[in-house]
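Since the structure comes first, as structure tokens, the remarks are kept for the end.
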2 protein chains.
Amino acid sequence: MTRPKSKKIENGKPVRDAEATQAVILTAAEEEFAQHGFTAARTEAIAAKTGVAKSMIYYYFKDKEGLYWAVLKRSHADLVQTLQKLELEHLSPDIALENFLRALLDCVSRNPKLPTIMFHEAVQNQGKYYKHSDSVSIDAALIAILEKGVSEGVFRQLDPFQSAINIMGTCLFYFIGAGNIQQFPQGKRLLSKAMLEQHTQEAIALILAGVRQS
Amino acid sequence: MTRPKSKKIENGKPVRDAEATQAVILTAAEEEFAQHGFTAARTEAIAAKTGVAKSMIYYYFKDKEGLYWAVLKRSHADLVQTLQKLELEHLSPDIALENFLRALLDCVSRNPKLPTIMFHEAVQNQGKYYKHSDSVSIDAALIAILEKGVSEGVFRQLDPFQSAINIMGTCLFYFIGAGNIQQFPQGKRLLSKAMLEQHTQEAIALILAGVRQS
DNA sequence: TTGTCAACTGACTATTCAGTCGGTAAGGAG
DNA sequence: CTCCTTACCGACTGAATAGTCAGTTGACAA
């Protein structure tokens with residue numbers, strides 16, 4: 001858990017620590033890529049956030065694209081792993097859906113930059129980097145739950161494919177707008193713990209009520 | 001309705017038409033900004049799409065930012081106008097909500113690039129350009145409907161602010177992912193007329209079921 | 001026909017940015 | 001202490017990109 005936020009200073013003196021430096025760069029890059037996407041992200045801005053020289057990016061990650069890959073990989077790992085180990089097959093569809101949503105929302109609440117990174121990737125690069133198994137399987141899992149729910153009559157007649165997209169939107173859109181909609185509620189920050197928990201509840205409630213057979 | 005798609009050619013000969021040229025540039029810019037956002041958009045790429053010289057951008061729009069403004073303004077005008085002239089106050093909340101959603105979805109179905117443009121603007125520039133009245137009022141209208149519905153007992157106990165964001169997400173996420181999720185259904189393009197109509201239905205059904213008092 | 005103005009062009013410039021390279025020094029091994 | 005490896009630095013370079021400008025061409029009026 002030795003993960004310094006910006007520079008790598010330990011008890012007053014700067015230390016030469018390859019791992020720590022890489023982690024610092026990755027974190028700074030995550031922020032920059034989340035806000036600007038690959039093309040508009042500036043390697044100099046990333047370096048400035050870290051406190052190490054810009055050339056360290058190229059030393060550890062070869063080039064801008066290598067750094068981008070590394071960020072995508074690290075960001076995604078948590079999400080994919082969490083959702084894959086859920087074991088939802090034996091559960092009734094409504095419970096499975098709730099578990100799935102709670103895991104998803106927990107994950108992105110922990111790393112709120114992830115949705116923004118994914119959307120930049122999707123829009124700018126048409127998701128080239130994700131065509132290697134990842135996010136596809138996430139959607140597939142959700143679609144499977146919905147299909148089962150419809151066929152068992154637990155859910156109303158809905159199109160699983162369309163609904164999966166819309167459900168993901170309900171969960172994730174919040175995080176995209178978060179940077180934008182700071183002025184809205186009375187001083188409440190959208191990414192505060194309380195608001196994130198409320199969003200989790202509200203999103204789950206909306207979705208479960210929305211799909212259930214009435 | 002004289003809006004040529006790329007060059008400005010009329011019965012075989014290129015014409016000098018200021019208005020048409022501006023329109024051509026705006027359309028090309030809309031595409032470029034939608035895919036890449038302000039910073040990553042290339043003025044040369046925009047010019048290449050139009051067939052006119054790059055310098056025309058500066059001739060008519062002063063600079064890249066001026067062009068960006070013009071695109072945001074034109075894209076938004078339709079949406080804001082449509083939603084403002086809805087007159088929903090006298091309707092019951094559930095009908096008002098359905099009308100609101102149908103108008104919103106019609107609008108973005110007509111201009112599917114709009115959500116992506118808004119997304120880029122929100123994330124990259126924290127919505128600086130929208131802090132001039134526009135999208136704020138859209139959310140406000142939706143929140144008002146939800147508040148009324150809750151207080152009248154037509155809708156279940158939900159947080160109007162949170163739910164407004166989530167509802168917008170349900171409607172708009174589809175368009176953001178559209179570029180990405182082309183491989184998914186069996187050859188169906190997400191932006192085909194049939195799929196857009198289905199999305200409108202599915203989104204409205206999900207939301208109405210989701211908010212209604214059960 | 002001629003003059004004028006506005007639409008339009010393409011080559012040019014200044015700047016910004018990704019990526020490089022020669023060199024420095026920390027710190028462990030012998 | 002002396003090497004030697006490697007983390008690290010900052011000035012540099014070449015390519016790309018926003019923005020400019022001097023000049024050309026087409027339309028229309030007089």
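A quick note: this is a predicted structure, and the numbers were derived from the prediction, not measured. To find a chain, count down the sequence lines: A is the first, B the second, and so on, and within it residues start at 1. Quick note: numbers below take in every heavy atom, side chains included, and nothing from hydrogens, waters or symmetry partners.
Closest approach to the A:Y60 side chain among D:dG19, D:dC8, C:dT9 is made by D:dC8 (side chain taken as heavy atoms from C-beta onward). In this structure, of C:dA6, D:dT20, D:dA18, it is C:dA6 that holds the atom nearest to the side chain of B:Y59. Considering only the side chain of B:A53, C:dG10 comes nearest among D:dG26, C:dG10, D:dC8. Out of D:dT25, C:dG19, D:dC8, the shortest distance to the side chain of B:R16 is found at D:dT25. Among D:dA18, C:dA7, D:dC9, the nucleotide with an atom closest to any side-chain atom of A:V52 is D:dC9.
In this structure, the OH atom of A:Y58 is 13 Å from the C1' atom of D:dG14, given to the nearest Å. Put simply, CD1 on B:I57 is 13 Å from P on C:dC8, counting in whole angstrom units. Residue B:E44 contributes atom CD, which lies 15 Å from atom P of C:dC12 at whole-angstrom precision. Between the NZ atom of B:K62 and the P atom of D:dC21 there is a distance of 14 Å, given to the nearest Å. As a whole-Å value, the separation of B:K64 NZ from C:dT15 P is 17 Å. One can place CG of A:D17 at 15 Å from C1' of C:dG28, the figure rounded to the nearest angstrom.
Below 30°, between 30° and 60°, or above 60°: for B:F33 and B:F38 the angle between ring planes is below 30°, a parallel geometry. Aromatic ring orientation, B:H120 versus A:H120: tilted (interplanar angle from 30° to 60°).
Distances shown here put every side-chain N or O of A:R42 at or beyond 4.0 Å from the OP1 or OP2 atom of C:dT16. Taking 4.0 angstrom as the limit, A:T43 places none of its side-chain polar atoms (N or O) nearer than this to OP1 or OP2 of C:dC17. When the side-chain nitrogen and oxygen atoms of A:S55 are compared with OP1 and OP2 of C:dG19, none of them lie within a distance under 4.0 Å.
Close placement of the A:F119 and B:F173 rings is indicated, their centers lying within 6.0 Å of each other.
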